[in-house]
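Here's the structure, in structure tokens; my notes come after.
Keep in mind that the numbers below use all heavy atoms, side chains included, and drop hydrogens, waters and symmetry copies.
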Amino acid sequence: QVQLVESGGGLVQPGGSLRLSCAASGRTFSMYVTGWFRQAPGKEREFVAAISRSGDSTSYADSVKGRFTISRDNAKNTLYLRMNSLKPEDTAAYYCAAKVYYGSRWFDPSLYENGYWGQGTQVTVSS
């Protein structure tokens with residue numbers, strides 16, 4: 001089992017940047033594929049980005065590609081999401097998720113449906 005705690009959210013102006021962190025505790029972090037999801041008020045949760053266990057491979061939703069960067073530091077048991085050029089439509093609660101998985105479809109968002117989730121951190125993009 002792994003516990004996930006997000007941090008780094010806040011209020012930022014359009015065009016600004018934030019870096020979210022997700023600290024993991026419990027079992028060996030490198031066993032897990034990990035990802036970020038978000039949910040805006042009145043909308044369904046949506047996939048943002050995923051990263052392989054080693055961190056060598058990443059996958060992004062089209063809406064954030066080129067603006068967001070997912071990374072991980074297995075030595076620090078931490079997952080990151082660097083968000084640049086933020087837009088008002090990026091406003092949402094952001095959640096990290098983890099799943100023990102050794103297969104080839106590490107980028108599949110449906111993997112996380114029965115995985116581990118953090119409590120979320122709010123990101124608000126507004127002038």
Side-chain angles (χ1 to χ4, degrees):
Q1 188 170 348
V2 65
Q3 292 77 43
L4 304 172
V5 179
E6 302 95 336
S7 62
L11 174 64
V12 63
Q13 292 187 341
S17 298
L18 280 176
R19 189 180 78 159
L20 305 184
S21 298
C22 173
S25 60
R27 298 179 69 183
T28 305
F29 188 53
S30 60
M31 296 172 57
Y32 297 86
V33 293
T34 51
W36 288 96
F37 292 76
R38 66 187 182 185
Q39 187 168 19
K43 294 187 177 181
E44 293 187 353
R45 186 176 64 197
E46 65 174 352
F47 168 76
V48 174
I51 189 166
S52 60
R53 291 185 298 115
S54 66
D56 289 345
S57 298
T58 57
S59 176
Y60 297 93
D62 287 344
S63 58
V64 306
K65 201 171 294 183
R67 299 188 299 122
F68 290 12
T69 302
I70 187 173
S71 61
R72 63 190 293 167
D73 186 335
N74 287 341
K76 295 183 178 179
N77 291 349
T78 305
L79 174 70
Y80 303 99
L81 184 68
R82 177 68 180 181
M83 305 184 294
N84 295 329
S85 303
L86 282 161
K87 304 175 182 180
E89 51 263 45
D90 294 318
T91 295
Y94 283 72
Y95 301 88
C96 62
K99 172 76 173 177
V100 175
Y101 180 74
Y102 292 88
S104 60
R105 294 189 60 81
W106 56 268
F107 50 85
D108 186 347
S110 67
L111 282 177
Y112 300 94
E113 291 176 3
N114 61 347
Y116 298 96
W117 292 80
Q119 299 282 26
T121 185
Q122 179 67 34
V123 172
T124 302
V125 184
S126 175
S127 55

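Among residues at least two apart or in separate chains, disulfide bond (SG atoms under 2.5 Å apart) pairs with a member in residues 8-52 are Cys22-Cys96.
Among all heavy-atom pairs drawn from Tyr116 and Leu4, the shortest one is O-CD1, 3.4 Å. The two residues Ser85 and Ser17 make their nearest non-hydrogen contact at N-OG, 4.3 Å. Across Met31 and Arg53, no two heavy atoms sit closer than the pair O-CD, 3.3 Å. Here the shortest heavy-atom pairing between Ser126 and Pro14 reads C-CD, 3.6 Å. Taking every heavy atom of both residues into account, Tyr80 and Lys76 meet most closely at OH-CD, 4.3 Å. In terms of heavy-atom proximity, Ser30 sits nearest to Asn74 at CB-ND2, 3.7 Å.
A continuous path of hydrophobic side-chain contacts links Ile70 to Met83 [ILVMFWY only; heavy atoms under 4.5 Å]. With hydrophobic clusters built from ILVMFWY side chains whose heavy atoms lie under 4.5 angstrom apart, Tyr112 shares a cluster with Trp106. Leu111 and Val2 fall into different hydrophobic clusters, where Ile, Leu, Val, Met, Phe, Trp and Tyr side chains are chained together by heavy-atom contacts under 4.5 Å. Cluster annotation: Val123 is not connected to Trp117 through the hydrophobic network of ILVMFWY side chains, with a link wherever side-chain heavy atoms come within less than 4.5 Å. Note on Ile51 and Leu18: same hydrophobic cluster, where clusters join Ile, Leu, Val, Met, Phe, Trp and Tyr whose side-chain heavy atoms are under 4.5 Å apart, directly or indirectly.
For the pair Arg45 and Tyr95, the cation-pi test (distance below 6.0 Å, angle within 45°) is failed.
Shown here are the side-chain hydrogen bond (donor to acceptor under 3.5 Å, both in side chains) partners of Ser71, two or more places apart in sequence or in another chain: there are none. Residues passing the salt bridge (charged side-chain N to carboxylate O under 4.0 Å, His left out) test with Arg38 are Glu46, Asp90, sequence neighbours excluded.
The backbone N or O of Gln119 lies less than 3.5 Å from a partner atom in the side chain of Glu6, making a donor-acceptor pair. Here the side chain of Arg72 pairs a donor or acceptor atom with the backbone of Ser52 at under 3.5 angstrom. No donor-acceptor distance shorter than 3.5 angstrom exists from the side chain of Asn84 to the backbone of Thr69, with no hydrogens or angles considered. No donor-acceptor pair closer than 3.5 Å links the side chain of Thr124 to the backbone N or O of Thr91.
Annotation: the span from Leu79 atom CG to Ser21 atom OG amounts to 8.5 Å, rounded to 0.5 Å. Between the OG1 atom in Thr34 and the NZ atom in Lys99 there is a gap of 13.5 Å [rounded to 0.5 Å].
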Query raised in the report: Would Ser59 and Phe47 satisfy side chain to side chain contact (heavy atoms under 4.5 Å, CB included), going step by step from the backbone distance to the final call?
Result: CA-CA 10 Å; Ser59 176; Phe47 168 76; 4.2 Å; yes
Requested in this report: Test ring-ring contact (aromatic ring centres under 6.0 Å, His included) on Trp36 and Phe68 and set out the steps.
Outcome: CA-CA 11 Å; Trp36 288 96; Phe68 290 12; 9.9 Å; no
